[in-house]
Amino acid sequence: MNLQQHELLGVQVPQILHLPANVHSHDAAMEAIELAESVGVLLDESQQYTLRVALSEREDFTWSAFEVCDVQPRQNGKGETIQARELAGLFLFDEQLIIHTAHELGTAMEAFRRMCSLIDSSKELSAKVANIRLGNGLQSIELKSGARLKYKARTGGSGRGFAGASLIVFDEAYNLQAEHLAALMPTLSTHPNPQVWYASSAGKSTSSALWKIRRRALAGDAGRLAYLEHTAEQIALDDKGNCISERIDVSDRRLWALANAAYGTRIPADNLEAEYDAMGDEEFARERLGVWDPEPDALRFKDAKIPEYKWAQTLTTAPPVLGEGEITISFDVTFGNEWASVAVAAGSIGAPYVEVIEHRQGLGWLPARLVELVERWKPTAVGCNGAGPTGAAVGAVLAAFRDAGISADLLHQVNTPDYKQACGGFFADVIEGRLTRPANQGPLDVAAADAAERQLGDAWVWDLRSSVVPISPLVAATIARALLPVSAVSVPQVFAY
């Protein structure tokens with residue numbers, strides 16, 4: 001049936017939607033929409049809806065959403081929405097450093113050229129510009145106020161060296177990888193009101209970072225995440241948290257309208273007919289209907305490594321009294337710096353006791369808290385897995401140690417062989433009844449109930465990628481236990497099994 005026989009327009013509200021809580025005002029969004037209109041960017045209902053969700057504010061005028069994810073098929077207006085957000089950041093919100101990244105250099109440069117053209121079209125905005133840098137790899141717009149908008153192609157280390165960013169845009173997020181997040185997310189740590197944007201078309205089988213964000217949204221309890229996905233895909237989570245997708249009728253024109261907010265307006269109906277004929281069902285479903293590639297096997301949830309009844313047996317009602325010089329400390333950070341945890345261990349390898357001291361969102365609090373704990377307890381070692389996402393925090397921790405007069409030698413970054421041995425040792429202590437831990441350790445209990453194993457050569461480690469919840473409490477406890485001495489120093493042997 002010819003599309004022109006239908007009177008369908010694109011559906012403006014996303015089919016998969018997760019809204020942040022604590023929304024007090026939409027004033028910032030309305031100001032951003034008005035600024036965009038003043039330079040000729042006329043946002044449709046769908047784009048305005050995205051901005052209202054993304055730029056909603058709490059009572060203290062910080063963003064309700066720390067993360068914003070806008071997923072929809074190409075040519076539906078993600079680029080204009082990002083332009084409106086970045087324009088507002090530069091000219092309305094006084095955001096001093098905005099970093100716009102894309103997988104391909106050409107995509108980043110095209111966004112740069114469009115933004116330059118918009119600013120050039122307005123005498124009022126142009127008068128506020130101090131400099132536009134055109135050099136290869138240095139493309140940026142700098143205002144007289146000092147605010148900067150920088151454009152970069154993503155690499156594993158791009159973003160290192162920056163600090164105080166207020167907004168990071170990850171365009172082409174289907175190619176976003178953990179190392180990109182590890183390099184760029186710490187630039188937000190010191191800003192009082194940061195925000196991260198992910199913009200993408202349908203995810204691929206290699207889109208690990210984007211898949212994890214999508215699953216958080218589908219689970220319905222993703223905190224300060226604003227997730228908006230336009231798709232014709234019929235998807236849900238099974239009882240383990242894996243994504244289950246039902247087949248759709250790609251030829252159903254109503255699904256074309258469902259997935260494409262700009263269908264019938266910016267995207268003429270006849271154009272989609274031509275695309276369908278040219279692509280075939282599989283490619284059209286992904287590129288135009290927002291149907292994702294199958295979920296990567298590496299991300300599918302596995303059974304927890306630690307048996308529930310064995311973990312229950314580690315509980316002690318008589319934990320040792322922690323004293324100066326008798327403990328080790330470890331910290332761990334999740335992908336994207338979403339959570340950080342600090343754990344302590346006491347006793348010995350033969351009779352270890354572990355306890356989580358801190359488990360908080362973000363990363364900015366961690367260095368000062370570690371300094372405080374080191375000065376209070378004088379631990380024999382402070383450890384972390386330097387090969388994982390925690391490596392991004394090491395520099396800030398060492399700087400805090402230096403400022404406090406604490407020797408850098410106290411910090412032990414375990415390597416991969418040591419970490420494999422630490423995971424195996426922790427598990428063996430649980431199974432064989434040697435390890436103890438106190439009650440009321442919710443984050444640690446939740447992590448232990450969820451963490452699966454990931455094969456690494458001839459051994460295994462805790463699987464960060466398949467975890468539903470932050471397992472940083474478990475990783476921190478694992479490393480703290482591994483740093484204990486072979487025999488106890490002076491901690492009373494009051495462990496109860």
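Computed over heavy atoms, backbone and side chain alike; hydrogens, waters and symmetry mates excluded.
Judged by distance alone, the side chain of K78 and the main-chain N or O of Q72 form a donor-acceptor pair under 3.5 Å. Under the 3.5 Å distance criterion, the side-chain polar atoms of E172 are matched with a main-chain donor or acceptor of E104. A donor-acceptor pair under 3.5 Å is absent between the side-chain atoms of E358 and the main chain of F331, judged by distance alone. Under a 3.5 Å cut-off, the side chain of T390 and the backbone N or O of V333 do form a donor-acceptor pair. Here the side chain of Q234 pairs a donor or acceptor atom with the backbone of A232 at under 3.5 angstrom. Side chain of N76 to main chain of A261: a donor-acceptor pair is present (N/O by atom type, distance under 3.5 Å, no hydrogens or angles). Between the side chain of T50 and the main chain of S46, a donor-acceptor pair closer than 3.5 Å is present. A distance-only check finds a donor-acceptor pair linking the side chain of W211 to the backbone of K204 [under 3.5 Å]. Of the possible polar contacts, one joining the Q15 side chain to the T231 backbone as a donor-acceptor pair under 3.5 Å is found. A distance-only check finds no donor-acceptor pair linking the side chain of H230 to the backbone of G290 [under 3.5 Å].
How far OG of S207 is from OH of Y174: 8.5 Å, rounded to the nearest 0.5 Å. Here CD of E282 is found 10.5 Å from CD of E287. Values are rounded to the nearest 0.5 Å. If you take OG1 on T101 and OH on Y151, they are separated by 11.5 Å, rounding to the nearest 0.5 Å. To the nearest 0.5 Å, the span separating CD on Q75 from OG on S201 amounts to 10.5 Å. Going from atom OG1 of T334 over to atom CD of Q361 covers 9.5 Å, rounded to the nearest 0.5 Å. One distance of note links CZ of R52 with NE2 of H26; it measures 7.5 Å at 0.5 Å rounding.
Side-chain contact between L228 and C69: absent, with no pair of heavy atoms (C-beta onward) separated by less than 4.5 Å. The side-chain heavy atoms of V196 and V68, taken from C-beta on, include no pair separated by under 4.5 Å. M185 places none of its side-chain heavy atoms less than 4.5 Å from the side chain of L363. At a threshold of 4.5 Å between non-hydrogen side-chain atoms, the residues P438 and Y353 count as touching. At a threshold of 4.5 Å between non-hydrogen side-chain atoms, the residues T380 and L483 do not count as touching. In this structure, the side chains of H24 and E57 stay at 4.5 Å or more apart for every pair of heavy atoms. Inter-residue side-chain proximity for Y49 and L17 is flagged as met; some heavy-atom pair is nearer than 4.5 Å.
Applying the side chain to side chain contact (heavy atoms under 4.5 Å, CB included) test between L176 and each of L181, L210, L184 identifies L181 as the sole match. Across Y227, F66, F170, a single residue satisfies ring-ring contact (aromatic ring centres under 6.0 Å, His included) together with Y198, and that is F170. Only one option out of R247, R286, R214 pairs with E233 in a salt bridge (Lys or Arg N to Asp or Glu O under 4.0 Å); it is R214.
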Using residues 411-428 as the side-chain source, report each donor-acceptor pair under 3.5 Å to any protein atom, sequence neighbours left out, with the distance given to one decimal.
{"residue": "N415", "atom": "OD1", "partner": "D418", "partner atom": "N", "Å": "2.9"}
{"residue": "K420", "atom": "NZ", "partner": "L456", "partner atom": "O", "Å": "3.4"}

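Under the 4.0 Å criterion applied to side-chain N and carboxylate O atoms, E338 and K212 are not assigned as salt-bridge partners. For the pair D445 and R437, the salt-bridge criterion is met [side-chain N within less than 4.0 Å of a carboxylate O]. Looking at E295 and R215, a side-chain N of the basic residue comes within less than 4.0 Å of a carboxylate O on the acidic one, giving a salt bridge.
In terms of heavy-atom proximity, E375 sits nearest to A404 at OE2-CB, 3.8 Å. Heavy atoms only, all atoms of each residue included: R85 and Q195 are closest at NE-OE1, 3.0 Å. The two residues A477 and V354 make their nearest non-hydrogen contact at O-CG1, 3.8 Å. A476 and S341 get closest at one heavy-atom pair: CB-O, 4.1 Å. Annotation for D281 and V250: closest pair O-CG1, 4.0 Å, computed over non-hydrogen atoms. Of all the heavy atoms in P379 and V382, the pair that sits closest is CG-CG2, 4.1 Å.
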| query | Would L167 and W63 count as a side chain to side chain contact (heavy atoms under 4.5 Å, CB included) if you check the C-alpha gap in whole Å, the side-chain angles of each, and the deciding distance to 0.1 Å? | reply | CA-CA 11 Å; L167 172 65; W63 305 125; over 6 Å; no
| said: Quick one, H100 with D171, criterion side chain to side chain contact (heavy atoms under 4.5 Å, CB included). Give me CA distance, side-chain angles, the key distance, then yes/no. | reply: CA-CA 7 Å; H100 180 120; D171 199 1; 4.0 Å; yes
| said: Pair I235, W292 - check side chain to side chain contact (heavy atoms under 4.5 Å, CB included), show working. | reply: CA-CA 10 Å; I235 191 164; W292 292 39; over 6 Å; no
| task | Any chance you could lay out the side chain to side chain contact (heavy atoms under 4.5 Å, CB included) test for V475 and L464, step after step, and finish with the verdict? | result | CA-CA 9 Å; V475 175; L464 305 182; 4.1 Å; yes
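Under a cut-off of 6.0 angstrom, the local environment of CZ in R74 is sparse, with at most 12 non-hydrogen atoms contributed by other residues, nucleotides or ligands.
Ring pair W256/F284 is tilted by interplanar angle, where 30° to 60° counts as tilted.
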